[in-house]
Number of protein chains: 2
Amino acid sequence: MHTVKEAAQITGLTEHAIRFYTDKGLVPTVRRSEHNVRLFDEQSINWLFGVRCLKQSGMPIEAIKTYIDLCLQGDPTVPERSAMMKKHGEEARRQLEEAKRHVAHLEEKMLLYEEILAGKTPDTTNPATWERMRYMHGDVFYASTVLQEK
Amino acid sequence: MHTVKEAAQITGLTEHAIRFYTDKGLVPTVRRSEHNVRLFDEQSINWLFGVRCLKQSGMPIEAIKTYIDLCLQGDPTVPERSAMMKKHGEEARRQLEEAKRHVAHLEEKMLLYEEILAGKTPDTTNPATWERMRYMHGDVFYASTVLQEK
DNA sequence: GCTTGCCTTCGTGTAACACGAAGGCTTTAA
DNA sequence: TTAAAGCCTTCGTGTTACACGAAGGCAAGC
């Protein structure tokens, strides 16, 4: 049995957030001690992980609440729950693809900066490089004397 | 030259967001027509893409503003800018890893639901499966008669 | 008996917009 | 020529998912 503090350490959520979630009914298995202290067993911890996953992958709290309420109703709601997870899974995959693109973009930018710091002048004779710099990393060279005009 | 509406279509941002960004100075190359209409050239569109990338990968607007102001100051700020992108790149990679885990988690959940809908009972004699269900997908089977006790 | 840790409610603040209203200027089409 | 469409502004309110602090209370350990 874990307290809020421990649950926070385990899940990486804040105590505030955990109280917030339990109060909203997102952790149906949480219990209280005789002195009103929230007690999380392993199952509750796992609900927390589930909520964290859904939330961090972009599902609004209200939708998470809806999903959890469906879970509590048992088998008859399986089709609906399945549909929800399928839909949200697609959304999460879209976000993952975006995230990959963002990381790639940032990595290119970092490489350019590293080269400049290393004293290298980017190879502007390579049209591909030139295009990339001009169109994707104009910020790196904005107001720059490293890359002379033309 | 593009209007706000066109810029919105090109970048996938809303007109509201674009006005918000330009007003905050996040698109330094944007100009106004003689009648005060925002005009975006290709470079401005690319600033927008850059801002979008930074924002969507979790950088707060204020930090983006700081970065852009450094860009405007030219070469002397290259080390600082480089450091910022390096740090934020790491953050973005962390988020990417998390996103991967979330997608994997959701995919497992979806598979379980699909199997239930297909009439399959999960193989609880396999301890690994059992553990996964019990500890990672308790929600799927909460209040379920599909998976009998024990 | 004091500190520590948990609880509660209250109230305010935050980010990054969303949305609508009101009012004003232009350009274009009927 | 007048009406509609598209851009602009400022104003004001609403939203989400908490963060943070304060005040007050109960319970356990030293």
Side-chain angles (χ1 to χ4, degrees), chain A residues 1-27 30-41 44-45 47-69 88 91-92 95 98 102, chain B residues 1-27 30-41 44-45 47-69 88 91-92 95 98 102:
Chain A
M1 290 296 182
H2 308 280
T3 73
V4 168
K5 191 169 206 171
E6 289 164 359
Q9 285 162 354
I10 295 170
T11 59
L13 298 164
T14 67
E15 300 183 34
H16 267 292
I18 291 178
R19 294 214 181 87
F20 183 76
Y21 292 159
T22 57
D23 292 355
K24 293 251 161 183
L26 303 187
V27 192
V30 77
R31 294 276 168 273
R32 297 293 187 124
S33 77
E34 49 181 343
H35 292 304
N36 209 25
V37 175
R38 288 177 189 81
L39 292 180
F40 300 81
D41 57 10
S44 302
I45 296 290
W47 278 107
L48 279 176
F49 274 117
V51 170
R52 182 171 173 261
C53 170
L54 291 175
K55 186 215 68 179
Q56 289 191 346
S57 53
M59 184 177 279
I61 298 288
E62 269 215 32
I64 300 178
K65 172 72 174 154
T66 301
Y67 172 72
I68 288 177
D69 288 347
H88 179 63
E91 180 56 31
Q95 289 186 17
E98 279 254 39
H102 292 330
Chain B
M1 288 297 181
H2 308 280
T3 74
V4 168
K5 192 170 206 171
E6 289 164 358
Q9 284 163 354
I10 296 170
T11 58
L13 297 164
T14 67
E15 301 184 33
H16 267 293
I18 291 177
R19 294 214 181 87
F20 184 76
Y21 292 160
T22 56
D23 292 356
K24 293 251 161 184
L26 302 188
V27 191
V30 78
R31 294 275 170 274
R32 298 294 186 124
S33 77
E34 48 182 343
H35 291 304
N36 209 25
V37 175
R38 289 179 189 78
L39 293 179
F40 299 81
D41 57 10
S44 301
I45 296 290
W47 278 107
L48 279 176
F49 273 118
V51 169
R52 182 171 172 261
C53 170
L54 291 175
K55 186 215 68 177
Q56 289 191 347
S57 53
M59 184 177 280
I61 298 288
E62 269 215 32
I64 299 178
K65 171 72 174 152
T66 302
Y67 173 72
I68 289 178
D69 287 347
H88 180 62
E91 181 56 31
Q95 289 187 17
E98 280 254 38
H102 292 330

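Residue numbers start from 1 in every chain, and the chains themselves are labelled A, B, ... in the order their sequence lines are given, proteins ahead of strands. Note that this is a predicted model, so its numbers are computed, not measured.
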Review point. Of B/F20 and A/R38, whose closest DNA chain C nucleotide lies nearer the 5' terminus?
Key: A/R38

Point to revise | Contact nearer the 5' end of DNA chain C, comparing A/T3 with B/P60 | key: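 Closest to the 5' end, via its nearest nucleotide, is A/T3.
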
Exercise for review: Name all residues meeting the side chain to side chain contact (heavy atoms under 4.5 Å, CB included) criterion together with A/T3; count only those two or more places apart in sequence or in a different chain, and write none if there are none.
Suggested key: A/K5, A/E6

d([atom1], [X]; [atom2], [N]) in whole Å:
X     : N      : atom1 : atom2 : answer
B/K24 : C/dA15 : NZ    : P     : 8 Å
A/R32 : D/dC26 : CZ    : C1'   : 14 Å
A/K65 : D/dA17 : NZ    : C1'   : 16 Å
B/R52 : C/dC17 : CZ    : P     : 12 Å
B/I61 : C/dA16 : CD1   : P     : 5 Å
A/R19 : C/dT8  : CZ    : P     : 7 Å
A/N36 : D/dA28 : CG    : C1'   : 16 Å
A/I64 : D/dC18 : CD1   : C1'   : 13 Å

Just verifying a value: how many Å separate [X] [atom1] and [Y] [atom2], rounded to the nearest 0.5 Å?
X     : Y     : atom1 : atom2 : value
B/F20 : B/T14 : CZ    : OG1   : 10.5 Å
B/L26 : B/I68 : CG    : CD1   : 4.5 Å
A/L48 : A/F40 : CG    : CZ    : 5.5 Å

Practice item. Please list, by residue number, the residues of residues 9-18 of chain B whose heavy atoms come closer than 4.0 Å to an atom of DNA chain C; answer none if no residue qualifies. Key: B/T14, B/H16, B/A17

Point to revise | Which residue lies more 5' along DNA chain D, comparing A/E34 with B/F40 via nearest heavy atoms | key: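 In this pair, the answer is B/F40.
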
Practice item. Could I get the full list of side chain to side chain donor-acceptor pair (under 3.5 Å) partners for B/R52, not counting sequence neighbours? Key: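 Once residues adjacent in sequence are excluded, the partners of B/R52 under the side chain to side chain donor-acceptor pair (under 3.5 Å) criterion are A/E98.
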
Review point. Excluding sequence neighbours, so at least two apart, what forms side chain to side chain donor-acceptor pair (under 3.5 Å) with A/K65?
Key: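 Only A/D69 meet the side chain to side chain donor-acceptor pair (under 3.5 Å) criterion with A/K65.
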
Point to revise | Under-4.0 Å side-chain N/O to phosphate OP1/OP2 contact, B/Y21 with C/dC17 | key: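 True: B/Y21 side-chain N/O within range (under 4.0 Å) of C/dC17 OP1/OP2.
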
Exercise for review: May I ask you to verify if any side-chain N or O of A/H35 is less than 4.0 angstrom from the OP1 or OP2 atom of D/dA28?
Suggested key: yes

Check your understanding: What heavy-atom pair brings B/I10 and B/F49 nearest, and what distance separates the two atoms?
Key -> O-CZ, 3.7 Å

Review point. Minimum heavy-atom separation for A/L39 to A/V30, with atom names?
Key: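 The answer is O-CG2, 3.4 Å.
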
List, one per line, each side-chain donor-acceptor pair under 3.5 Å for residues 54-61 of chain B, sequence neighbours excluded.
| from | atom 1 | to | atom 2 | distance (Å) |
| --- | --- | --- | --- | --- |
| B/Q56 | OE1 | A/H102 | NE2 | 2.9 |
| B/S57 | OG | B/C53 | O | 2.7 |
| B/S57 | OG | B/L54 | O | 3.1 |
| B/S57 | OG | B/H88 | NE2 | 2.8 |

Revision key, fill the gap. The helix from C/dA16-D/dT15 to C/dA30-D/dT1: angle between terminal helix axes, five bp per end, to the nearest 10 degrees, reads 20°

